[in-house]
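See structure below.
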Amino acid sequence: MVSTDNKQFQYEVQDYQENCVQNIVSIFERLYWKENFKQVMSEHYKNHSYNFPIQDTKNIDIMMETGTGKTYVYTRAMYELHQKYGLYKFIIVVPSLAIKEGTKNFIQSDYARQHFSTFFPNKKIELQTVSAGDFTTKKGKRKN
């Protein structure tokens, strides 16, 4: 939720968003020690109520209803995972160009950067976007 006190945006982080971020980070606590991903996820799944299948993959799919703060959750999770485990490369896959633009605008916005700087001073996300034509590269050089 965003409020406009003093003509500045301020986030009111919801408990369920914070819980989701902490659940994501807690999965990495055990993975950090190089345990089997599927086993860790299965054990974690038993202790939490999720509505997604456990797969033997290194991907995390954050599935939340529209308008509940998915973009906030995965952005906050990236900051948390960087701070806690030094992870610094993340790939965000979205289903449409409109959502891609919304995600890009959110991450690059002054209000989001200001909000996250209260938790993670001197850290910011350097966003690089990939367009459909960017997949025609070979050996690091773009075909013309």
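The figures that follow rest on heavy atoms only: side chains count, while hydrogens, waters and symmetry mates do not.
- With sequence neighbours left out, the side chain to side chain contact (heavy atoms under 4.5 Å, CB included) criterion links S96 to A98, I99.
- Taking the side chain to side chain contact (heavy atoms under 4.5 Å, CB included) definition, one finds that S117 meets it with nothing, sequence neighbours left out.
- A pairwise comparison of heavy atoms in I62 and C20 identifies CG2-SG, 4.5 Å as the closest pair.
- Qualifying ring pair (Phe, Tyr, Trp, His ring centres under 6.0 Å) partners for F120, counting only residues two or more places apart in sequence or in other chains: Y79.
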Please evaluate residues K123 and H82 with respect to the criterion side-chain contact (heavy atoms from CB on, under 4.5 Å), reporting the C-alpha separation (whole Å), side-chain torsions for both, the decisive distance (0.1 Å), and the verdict. CA-CA 9 Å; K123 301 291 180 194; H82 173 72; 3.8 Å; yes
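- In this structure, V93 shares a hydrophobic cluster with I91, the cluster being traced through Ile, Leu, Val, Met, Phe, Trp and Tyr side chains under 4.5 angstrom apart.
- To the nearest 0.5 angstrom, K70 atom NZ is 11.0 Å from Q17 atom CD.
- With a 4.5 Å cut-off between side-chain heavy atoms of Ile, Leu, Val, Met, Phe, Trp and Tyr, the cluster of L97 takes in none.
- Taking K104 as the reference, E101, Q108, L127, T129 meet the side chain to side chain contact (heavy atoms under 4.5 Å, CB included) condition, with sequence neighbours excluded.
- Residues meeting the side-chain hydrogen bond (donor to acceptor under 3.5 Å, both in side chains) test with Y72, sequence neighbours left out: R76, H115.
- For E126 (side chain) and K124 (main-chain N/O), no donor-acceptor pair under 3.5 Å exists by modelled atom type.
- For A112, the side chain to side chain contact (heavy atoms under 4.5 Å, CB included) partners two or more places apart in sequence, or in a different chain, are Y11, F106, S109, F116.
- Applying the side-chain hydrogen bond (donor to acceptor under 3.5 Å, both in side chains) test to T103 and every residue at least two apart in sequence or in another chain returns Y74.
- Using a 4.5 Å cut-off on side-chain heavy atoms (C-beta onward), I24 and E80 make no contact.
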I125 and F90: CA distance, side-chain angles, deciding distance, side-chain contact (heavy atoms from CB on, under 4.5 Å) verdict: CA-CA 10 Å; I125 292 176; F90 302 90; over 6 Å; no
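- Side-chain contact of Q22 with E18: a donor-acceptor pair under 3.5 Å is present, judged by distance alone.
- At least one side-chain heavy atom of I92 sits less than 4.5 Å from a side-chain heavy atom of I107.
- Distance CG/D110 to CZ/R113: 7.5 Å, rounded to 0.5 Å.
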